[in-house]
Novice: 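Starting off with a structure, shown below.
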Amino acid sequence: MTVRLLTNIGRMWTGNDVISNAALLVHNDRIAWVGRAADLPQSVPGVVDDIVDVDQVENLSGALVTPGLIDAHTHPVYAGNRYAEMAMRSSGSSSSAINAAGGGIGSTVTVTRGTDPWTLCNGVRERLRSWLLSGTTTVEAKTGYHLTRDGELADVRLLRELEKEPMMPRVHVTFLAAHVVPPEYFGRQRDYVEAVGAWCADAAAAGADSVDVYCDEGHFTTEESRWVLASGRNVGLLPRVHAGAFSRRGAVQLAAELGCASADLLHHTSDEDIAVLSRYGVPAVLCPATAMQRGSLPPVRRMISQGVTIALGSDHNPGHCGITSMSLVISLAVAAFGMSVGDALRAATLGGATVLGAPDRGVLAPGRLADIVQWDADHEGAFAWSFGLKPRRVWRGGIPVQ
Ligand SMILES: N=CN[C@@H](CCC(=O)O)C(=O)O
């Protein structure tokens, strides 16, 4: 029996509550007991007969402890970089000018297709590790830079394999072959959409959890998105959709119609869209770094007041954003979206668990996974102040990874 006791925790943000002078008991990979240190029981029925037997006690006195953070939107499977494009954008170049100069998602597709699997794998491994070391114990990771059947399936398998290695976060794999239309299908967009729909069954068999479509100007229409998402849903993938990044074109309504697990980005969102998200219980995944870069912020406070479930994502991708720190994303959500620290932390834990369909995490409570972070601060307000609060210790399933 492996039991760990983390005791004398200065302040524990559980996801439901803040407990001062807390203690936490971990059995194998799960949390066995949570509460005030003064109330620590002598035994937990069915788990530990006598806590005197615990094999390890950690003293976290004076520190803030939270559930492991969850990044609900990332694109980590790529090779190369697009720094020159970032410089162009910073000087005022439009997306179409960048695409005309050979940039954009298509340029990453070319480089990724030309990169050997070993090099690609090393890059993805390094990125995933960096999430874990900065306190993110679960990462949603999309494919989408191969855009061939075999390449996309290899990306799914790569993510599934990497997750099994030591020092890796848990990974929720999303099949995003419908990112953009690849060059060999130019002029035959409908054929590509039908091909992606047919690949969904293979993606599910390869281990994907979700299917995603970029439903927006310059990407896929609502009709095309419906085809892909319904195909994925039919084979057991959770549907999710890039909605309202550049324009409003019915993606939110589509998400409601199909019962999507999330509608993501939502920079352009009307009151009517918010009412739909709220009425049909579609959670919103919001990515403050991307919204700031696009100069178009989603109406987050109105979403919260209408009861929309919010999750946060870094939107790490080669074209816009290299962030792998969800504590930085929390800081940005507070500063740019006007979220309270509590709401932002909840979105980066429980919100993420909700959109990923993972009720076993995102909160420190008995029976949940022992994914735990001790932060280099004694109060959660430090997230708003630090712009990248660092963890002191991170545990994944009760195992210290740092
Ligand atoms: N969030 C999704 N995809 C990114 C683009 C990724 C890229 O440029 O490589 C976006 O358009 O926000």
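In listed order, ligands and their atoms are each counted from 1. Note that the structure is predicted; figures quoted are calculated from it, not measured.
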Novice: Determine, considering heavy atoms only, which of Tyr145, Tyr78, Tyr214 sits nearest to atom 9 (O) of ligand 1.
Specialist: Tyr145

Novice: Does ligand 1 come near enough to Asp315 that some N or O of the ligand is less than 3.5 Å from an N or O of the residue?
Specialist: yes

Novice: Is Arg113 paired with Glu184 through a side-chain N to carboxylate O contact shorter than 4.0 Å?
Specialist: yes

Novice: Is there a polar contact, in the sense of an N or O pair closer than 3.5 Å, between Thr108 and ligand 1?
Specialist: no

Novice: Between His242 and Phe220, is the ring centre distance below 6.0 Å?
Specialist: no

Novice: Which atoms of ligand 1 have any heavy atom of His73 under 4.0 Å away?
Specialist: 1 (N)

Novice: What protein heavy atom is closest to atom 12 (O) of ligand 1, reported as residue, atom name and distance in Å?
Specialist: Arg294 NH2, 3.0 Å

Novice: Are Ile330 and Leu69 packed together at the side-chain level, in the sense that at least one heavy-atom pair is separated by less than 4.5 angstrom?
Specialist: yes

Novice: Go through ligand 1 atom by atom and flag the ones less than 4.0 Å from a non-hydrogen atom of His242.
Specialist: 1 (N), 2 (C)

Novice: Give me the nearest non-hydrogen protein atom to atom 8 (O) of ligand 1 as residue plus atom name, then the distance to 0.1 Å.
Specialist: Arg82 NH2, 2.6 Å

Novice: What protein heavy atom lies closest to atom 4 (C) of ligand 1? Include the residue and the distance to one decimal.
Specialist: Asn317 ND2, 3.8 Å

Novice: Any ion pair linking Arg361 and Asp371 (charged N to carboxylate O, less than 4.0 Å)?
Specialist: no

Novice: With a distance cut-off below 6.0 Å to the six-membered ring centre and an angular limit of 45° from the axis, does Arg11 pair with Trp375 as a cation-pi contact?
Specialist: no

Novice: Does Asp209 come within less than 4.0 Å of Arg160, counting only side-chain N to carboxylate O?
Specialist: yes

Novice: Using non-hydrogen atoms of the residue, decide whether Lys142 is closer than 4.0 angstrom to ligand 1.
Specialist: no

Novice: Which heavy atom of the protein is the closest neighbour of atom 2 (C) of ligand 1, given with residue, atom name and distance?
Specialist: His75 NE2, 2.9 Å

Novice: Are Glu223 and Arg226 ion-paired here, with the side-chain N under 4.0 Å from a carboxylate O?
Specialist: yes

